[in-house]
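Everything below concerns the one structure shown next.
Values below: every heavy atom of this structure, side chains too, minus hydrogens, waters and symmetry copies.
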Amino acid sequence: MDYSIFVYLILTALVVALGWFVNLQAGRTGAQFHNGRMQGRCGMTRQQSVNRILITAVFFLLFAVSACRIAVGNDYWVYRDDFLLIEQNRHVSFEFGFIWVVRFLQSMLNHDQYLPIFAVFSFFTVLFFVRGMEKLSEQFCFTVFLLMTGGYYFSSLNSVRYYLVLSVALYSIKYILKDEWGKFILCIMAAAAFHKSVLVVIPLYFLASRNWKKWHMLLFAAGCGSLILFQDLYRKIIFVFYPYYEGSMFDNGEISVSNIGKCAAALVLSLLYYKAAVKEDRKNRFFFYCNLGALALYIFGSFIPEVSRVGYYLSATNIFLIPGVIVKIPKKRQRVLWTVLSVLAYLAYFALFLRSAYSTDIRLLPYRNWIFQ
């Protein structure tokens, strides 16, 4: 029997337990506002100090498990081989930012010291995930629970570059909600130096930030129709940027039933309480449109290779949408009911995710770390 699965289970239980005592609303009451913008803090309260300690503890737990892994993820040794190619100044199919950082780290390390390089990328991936949750979540504990049981954190042990930029994309949403578009674009451009797919969030997040009218919905419907009618055109455009995906194992046209199910459930919850929780709440409305876009993409865009990678930029915002909607449900019994239903649904998904983690094309389990190897 493989007992390493308990590392993931215990980690999930610990960070959710720590998150239970985080009260972000109390942490935000110390801010001074002028014309709707935060200007500074009036002083740190006891709860704010507790929040800082607990969130830091969550960060270090997540970082430790990620940074100490070895041979976890189906691309772990592929990355290690690419690190060696970069050291030899040979060609690799990576963006320049990633190559420069790896080369810089190698200049300070001995030959083939790949563990510290993985640790550096783990540090920033977890940092942006945690900071994003701190800035955007209405219920930190619930958001951490969704991050873990939704598989986003554990999947970051694989696909190093992609999950780094996904965490940056989620963190950068705070700038959109404050109308600081220059900072948002700078964040995304910096992230694109590590994985250029993140550039897609500039138009997608811009559209999600608008307060949609009826004609916007008509354009959205037309966009869904175009995904059906002009698949060949879209594929030609995609393969200009990613020619190696054409005919590859990722170009299989599979429909992601699990992602459709999660997005559809979040949509139902949001529509049931649209007036109370979404309509006049800019943050929830942004996440609502992200989820709607992800659902359409998963249903109509299955012809796109690795469609989940594009979809995650949108659907990952559900870790904020679901708590944001539930906390605004007027009746307590209904809030409790939807909380319980959401927890049970994500626990069921988590069980399936962990079961699939042993697959040879995922290999997130068994978990191994270099401390005890």
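- Around the OH atom of Tyr358, the shell of radius 6.0 Å holds more than 12 heavy atoms that belong to other residues, nucleotides or ligands.
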With side-chain contact (heavy atoms from CB on, under 4.5 Å) as the test, would you mind laying out the steps for Lys178 and Lys183 before giving the verdict?
CA-CA 10 Å; Lys178 294 191 291 185; Lys183 292 181 180 179; over 6 Å; no
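- In this structure, Trp77 and Tyr114 have perpendicular ring planes: the angle between them is above 60°, well past the 30° mark.
- The aromatic rings of Phe350 and Phe353 lie parallel to each other, their planes meeting at an angle below 30°, with 60° marking the opposite boundary.
- Within the 4.5 Å cutoff, the side chain of Leu146 has no heavy atoms near those of the Tyr349 side chain.
- In the hydrophobic clustering of ILVMFWY residues, with side-chain heavy atoms under 4.5 Å counting as a link, Leu147 and Leu344 come out apart.
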Might you work through the side-chain contact (heavy atoms from CB on, under 4.5 Å) test for Val15 and Val130, ending with a clear yes or no?
CA-CA 11 Å; Val15 295; Val130 173; over 6 Å; no
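- Looking at every heavy atom in both residues, Pro330 comes nearest to Arg335 through O-NH1, 3.2 Å.
- Around CH2 of Trp212, the count of heavy atoms belonging to other residues, nucleotides or ligands within 6.0 Å exceeds 12.
- If you run side-chain contact (heavy atoms from CB on, under 4.5 Å) between Leu365 and each of Ile5, Val7, Val72, only Ile5 comes through.
- The shortest side-chain heavy-atom distance between Asp112 and Glu87 does not fall under the 4.5 Å cut-off.
- The shortest non-hydrogen separation linking Gly73 to Leu364 is CA-CD2, 4.3 Å.
- The heavy-atom pair separating Asn110 from Gln113 by the smallest distance is O-CG, 3.1 Å.
- The number of heavy atoms from other shown groups lying within 6.0 Å of CZ (Arg355) does not exceed 12.
- A 6.0 Å sphere centred on CH2 of Trp100 holds no more than 12 heavy atoms belonging to other residues, nucleotides or ligands.
- Taking 4.0 Å as the cut-off between side-chain N and carboxylate O, Lys328 and Glu138 do not count as a salt-bridged pair.
- Taking the side chain as every heavy atom from C-beta outward, Gln47 and Val50 approach each other to under 4.5 Å.
- A centroid separation of 6.0 Å or more is found between the aromatic rings of Phe129 and Tyr153.
- The minimum heavy-atom distance between Leu199 and Met189, with the atom names listed, is CD2-SD, 3.7 Å.
- A side-chain contact (heavy atoms from CB on, under 4.5 Å) with Asp82 holds for exactly one of Val102, Val92, Asp75; it is Val92.
- The closest donor-acceptor contact from the side chain of Asn51 to the backbone of Val22 lies at 3.5 Å or more, if one exists at all.
- Note that CG of Asn74 and OG1 of Thr360 are 8.5 Å apart. Values are rounded to the nearest 0.5 Å.
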So Ser172 and Tyr205, side-chain hydrogen bond (donor to acceptor under 3.5 Å, both in side chains) or not? Walk me through it.
CA-CA 10 Å; Ser172 70; Tyr205 284 0; over 6 Å; no
Given the rule in the side-chain contact (heavy atoms from CB on, under 4.5 Å) test, do Trp338 and Ile322 qualify, once you have shown the distances and angles that lead to the verdict?
CA-CA 9 Å; Trp338 282 104; Ile322 294 171; over 6 Å; no
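- Proximity of Phe94 to Tyr79: side-chain heavy atoms (C-beta onward) are separated by under 4.5 Å at one or more points.
- Geometric assessment of Arg309 against the ring of Tyr313 yields a negative cation-pi assignment under the 6.0 Å and 45° thresholds.
- For Tyr76, the ring-ring contact (aromatic ring centres under 6.0 Å, His included) criterion is met by Phe118, not counting sequence neighbours.
- Ile326 is listed as a side-chain neighbour of Ser342, based on a closest heavy-atom distance under 4.5 Å.
- Taking the six-membered ring for Trp and the full ring otherwise, Phe142 and Tyr346 have centroids separated by 6.0 Å or more.
- Applying the side-chain contact (heavy atoms from CB on, under 4.5 Å) rule to Ala67 yields the partners Phe63, Ala119, Ser122; only residues at least two apart in sequence or on another chain are considered.
- Rounded to the nearest 0.5 Å, atoms CD1 (Ile53) and CG (Leu18) are 11.5 Å apart.
- Hydrophobic clustering (side-chain heavy atoms under 4.5 Å, transitive across Ile, Leu, Val, Met, Phe, Trp, Tyr) keeps Val343 apart from Leu352.
- The closest side-chain heavy-atom distance from Leu136 to Leu177 is below 4.5 Å.
- Shown here is Tyr274, whose OH atom has more than 12 heavy atoms of other residues, nucleotides or ligands within 6.0 Å.
- Not a single donor-acceptor pair under 3.5 Å links the side chain of Ser155 to the backbone N or O of Tyr152.
- Using a 4.5 Å cut-off on side-chain heavy atoms (C-beta onward), Leu157 and Tyr8 make contact.
- Note: Ile99 CD1 to Phe83 CZ = 11.5 Å, rounded to the nearest 0.5 Å.
- No chain of hydrophobic side-chain contacts below 4.5 Å, direct or via other Ile, Leu, Val, Met, Phe, Trp or Tyr residues, connects Val78 to Ile86.
- Under the 4.5 Å side-chain contact rule for hydrophobic residues, Val257 and Leu297 do not share a cluster.
- Residues Val200 and Ile237 fall within the same hydrophobic cluster, defined by Ile, Leu, Val, Met, Phe, Trp and Tyr side chains chained together at heavy-atom separations under 4.5 Å.
- Look at Asp179 and Arg282 and you find a salt bridge, because one of the NZ, NE, NH1 or NH2 atoms lies within 4.0 Å of a carboxylate O, short of that distance.
- With values rounded to the nearest 0.5 angstrom, Ile185 atom CD1 is found 9.5 Å from Phe206 atom CZ.
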Going through the checks in order, is the side-chain contact (heavy atoms from CB on, under 4.5 Å) test met by Val198 and Val168?
CA-CA 9 Å; Val198 76; Val168 174; over 6 Å; no
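- You'll find the ring centres of Phe286 and Phe320 outside the 6.0 Å limit.
- Nearest heavy-atom pair, Ala266 versus Asn291, reported as atom, atom and distance to 0.1 Å: CB-OD1, 3.8 Å.
- How far NZ of Lys331 is from OH of Tyr273: 8.5 Å, rounded to the nearest 0.5 Å.
- Taking OG of Ser197 as the start and CG of Leu166 as the end, the distance is 9.0 Å to the nearest 0.5 Å.
- Under a 3.5 Å cut-off, the side chain of Asn369 and the backbone N or O of Cys68 do not form any donor-acceptor pair.
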What do the steps show when you test Phe123 against Phe59 for ring pair (Phe, Tyr, Trp, His ring centres under 6.0 Å), and what is the final call?
CA-CA 9 Å; Phe123 177 89; Phe59 164 78; 5.4 Å; yes
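- One N or O on the side chain of Arg69 and one on the backbone of Ser66 form a donor-acceptor pair closer than 3.5 Å.
- Ring centroid separation for the pair Phe128 and Tyr171 comes in under the 6.0 Å cut-off.
- Considering only heavy atoms from C-beta on, Leu109 comes within 4.5 Å of Ile117 through its side chain.
- Across all their heavy atoms, Phe140 and Glu134 have their closest contact at CE1-N, 4.1 Å.
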